[in-house]
Each structure stands twice: as structure tokens, then as C-alpha cells.
Amino acid sequence: MSSDFESYEQDFAVLTADITGRIGRVPKLLGDEKKQMVANIEKQLEEARELLEQMELEVREIPPQSRGMYSSRMRSYKQEMGKLEADFKRSRIAYSDEVRNELLGDDGNSSENQLIKLREERAHLLDNTERLERSSRRLEAGYQIAVETEQIGQEMLENLSHDREKIQRARERLRETDANLGKSSRILTGMLRRPSLEPCDV
């Protein structure tokens, strides 16, 4: 079960990394090339949502005692998905503004060119900031997984320690039983070897 979840995780990581790169390129493209890029991103986002749904189904099938770690990872992936959708929305707003300028015509006015450059720089800064935030969330999720794994390991060690104590107590009882049986056997052997007393003649 967990192997299926991890396979979906890998697909999700590859897909979201590709989406992130494409979103960062949207403000730098023009015309049909930009429209095609937007359409491709929309398709990839839908694929990412479907992967999240599959991962959620897998988590529901995991035994409750092991489900906490996977649920934590799911929360992290959903947050990442929300950030990707927000990034894409911002890139589409910039995209819509530039399409409008193309339709209205650009007479080469320097102020308009400066505005476009500012938008591109802002989109680039936002992209870098979001990447840093995603990296921070991944590190935090990794730390949380490590903590949960350590807790599970401690619980397993405690259970093993309790089992060992039970085995030791059982061995002690067995030794005591063997000793008692040996003692009883010696007593019976001595009784059997003792000469019987014959009645005296009067």
C-alpha cells in the first residue's frame, strides 16, 4: 500500500516541479506561445489534482497506527498545490494585461514598456519567493516525518522491551517448575528405594 503512495508522491513531485518552471515562464512569453503555455499548465494542474485524489484514497487504506505520517505529508502537498494555483492565477493576470495591450496596440511608449518590465521583474521576484517558501515547507514536512518516524521507532523499542521482560519472566517460571519437578522426582525415587517394613512375629 505505501509503495503505491510513494509512487504517486514521485509523480506529483515531478509534475509540480514542471508546473513551477512553466508558470515562471508565462510572463516572458507572447501571443500564441503564451496561450499554449497557459493551456498546458491548466492541464497539468488538473493532473496534479487527480494525483492528490489518488494519494488520499491510498491514505484511507493505510492502517490507523501508520496513517499519521502519511496524513501529514498529504497536508503539505495540498498546501503546495494551493500555492501553485495562486502562482498560476497571478501569472494569468499578467498574461491578460499583456494580451489587452497587444489588442489595443503598443505605440512604443516608454512608460508602457517600463510597466511591462516592472511586471516581469515582479513576477520573477514572486516566483523566487514562492520557490523559497516551497523549499521551506518541504524541509518542515521532512522534519515532521523524521520526528514521527522516531516516535514510531521508540514505541517499537518499548514494545520489544516489554516482550523481552515477559519472555524472561516465563523462562524464570519454567526454571522454577523444572527445579520443583526435579525435587519431587528425587523424593519419589527415595521413597521407592526405601525398604518396606515387615510385621514382627509375636
Side-chain angles (χ1 to χ4, degrees), residues 1-21 23 43-88 128-199:
M1 187 67 65
S2 61
S3 61
D4 292 336
F5 183 88
E6 291 169 357
S7 176
Y8 289 133
E9 276 186 312
Q10 293 176 0
D11 293 340
F12 183 78
V14 172
L15 184 58
T16 52
D18 191 31
I19 292 173
T20 300
I23 288 175
K43 183 178 179 180
Q44 286 184 308
L45 285 172
E46 183 61 29
E47 293 176 4
R49 296 186 194 100
E50 291 176 359
L51 278 174
L52 283 179
E53 291 177 0
Q54 292 295 328
M55 292 161 70
E56 282 189 309
L57 292 176
E58 292 295 328
V59 170
R60 293 175 187 173
E61 298 298 325
I62 295 174
Q65 60 269 23
S66 304
R67 192 179 300 165
M69 177 174 63
Y70 293 96
S71 298
S72 177
R73 285 149 76 170
M74 279 302 304
R75 287 192 294 271
S76 176
Y77 295 140
K78 287 180 180 179
Q79 290 175 357
E80 183 174 357
M81 188 68 195
K83 299 298 289 184
L84 278 177
E85 291 175 339
D87 291 346
F88 181 53
N128 289 338
T129 301
E130 294 299 335
R131 287 182 181 179
L132 289 173
E133 290 180 356
R134 279 192 290 272
S135 297
S136 177
R137 288 195 299 273
R138 289 194 182 99
L139 288 173
E140 183 178 353
Y143 174 75
Q144 183 64 29
I145 291 170
V147 171
E148 292 174 354
T149 303
E150 183 180 359
Q151 292 174 349
I152 293 172
Q154 289 177 348
E155 292 175 0
M156 292 178 64
L157 288 175
E158 290 176 359
N159 292 334
L160 289 173
S161 178
H162 292 157
D163 292 341
R164 183 174 59 190
E165 291 176 0
K166 290 179 181 178
I167 292 172
Q168 289 176 345
R169 287 196 295 270
R171 286 178 176 173
E172 290 175 358
R173 286 195 295 269
L174 182 59
R175 283 196 292 267
E176 291 175 358
T177 301
D178 288 342
N180 291 334
L181 287 173
K183 184 177 180 181
S184 299
S185 177
R186 287 193 297 273
I187 293 173
L188 289 173
T189 301
M191 293 175 64
L192 291 173
R193 291 179 177 177
R194 183 181 304 168
S196 59
L197 299 176
E198 296 181 358

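Position 1 is the first residue of the sequence; numbering continues from there.
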Completion exercise
Residue set satisfying side chain to side chain contact (heavy atoms under 4.5 Å, CB included) with Gln65, at least two apart, ordered chain then number -> Pro63

Practice task
Tell me, please, which residues at least two apart from Arg60 pass side chain to side chain contact (heavy atoms under 4.5 Å, CB included).
Solution key: Leu57

Problem - Trace of the side-chain contact (heavy atoms from CB on, under 4.5 Å) decision for Phe5 with Met74 - result: CA-CA 10 Å; Phe5 183 88; Met74 279 302 304; 3.9 Å; yes

Problem - Note, Glu6 side chain near Arg73 side chain (heavy atom, < 4.5 Å) - result: yes

Practice task
Please round to the nearest 0.5 Å and tell me the distance separating atom CD of Glu61 and atom CD of Glu58.
Solution key: 7.5 Å

Exercise for the section: Could you point out which residue of Lys166, Arg171, Arg164 forms a side-chain contact (heavy atoms from CB on, under 4.5 Å) with Gln168? Expected result: Arg164

Fill in the blank from the handout: The side chain to side chain contact (heavy atoms under 4.5 Å, CB included) partners of Ser76 (sequence neighbours excluded) come to Ala141

Handout entry: Atom pair CD1/CG of Ile167 and Leu174 - distance to nearest 0.5 Å
Key = 13.0 Å

Could you list the donor-acceptor pairs under 3.5 angstrom formed by side chains in residues 44-56, with sequence neighbours left out?
residue : atom : partner : partner atom : Å
Gln44   : NE2  : Asp18   : OD2          : 2.7
Glu46   : OE1  : Arg49   : NH1          : 3.0
Arg49   : NE   : Glu85   : OE2          : 2.9
Arg49   : NH2  : Glu85   : OE2          : 3.2
Glu56   : OE2  : Lys78   : NZ           : 2.4

Exercise for the section: Return the set of residues passing ring-ring contact (aromatic ring centres under 6.0 Å, His included) with Tyr77 (not counting sequence neighbours), or none when no residue passes. Expected result: Phe12

Problem - Separation of Ile19 CD1 from Asp87 CG (nearest 0.5 Å) - result: 11.0 Å

Practice task
Applying side chain to side chain contact (heavy atoms under 4.5 Å, CB included), name anything that partners Arg186, two or more places apart in sequence or on another chain.
Solution key: Lys183

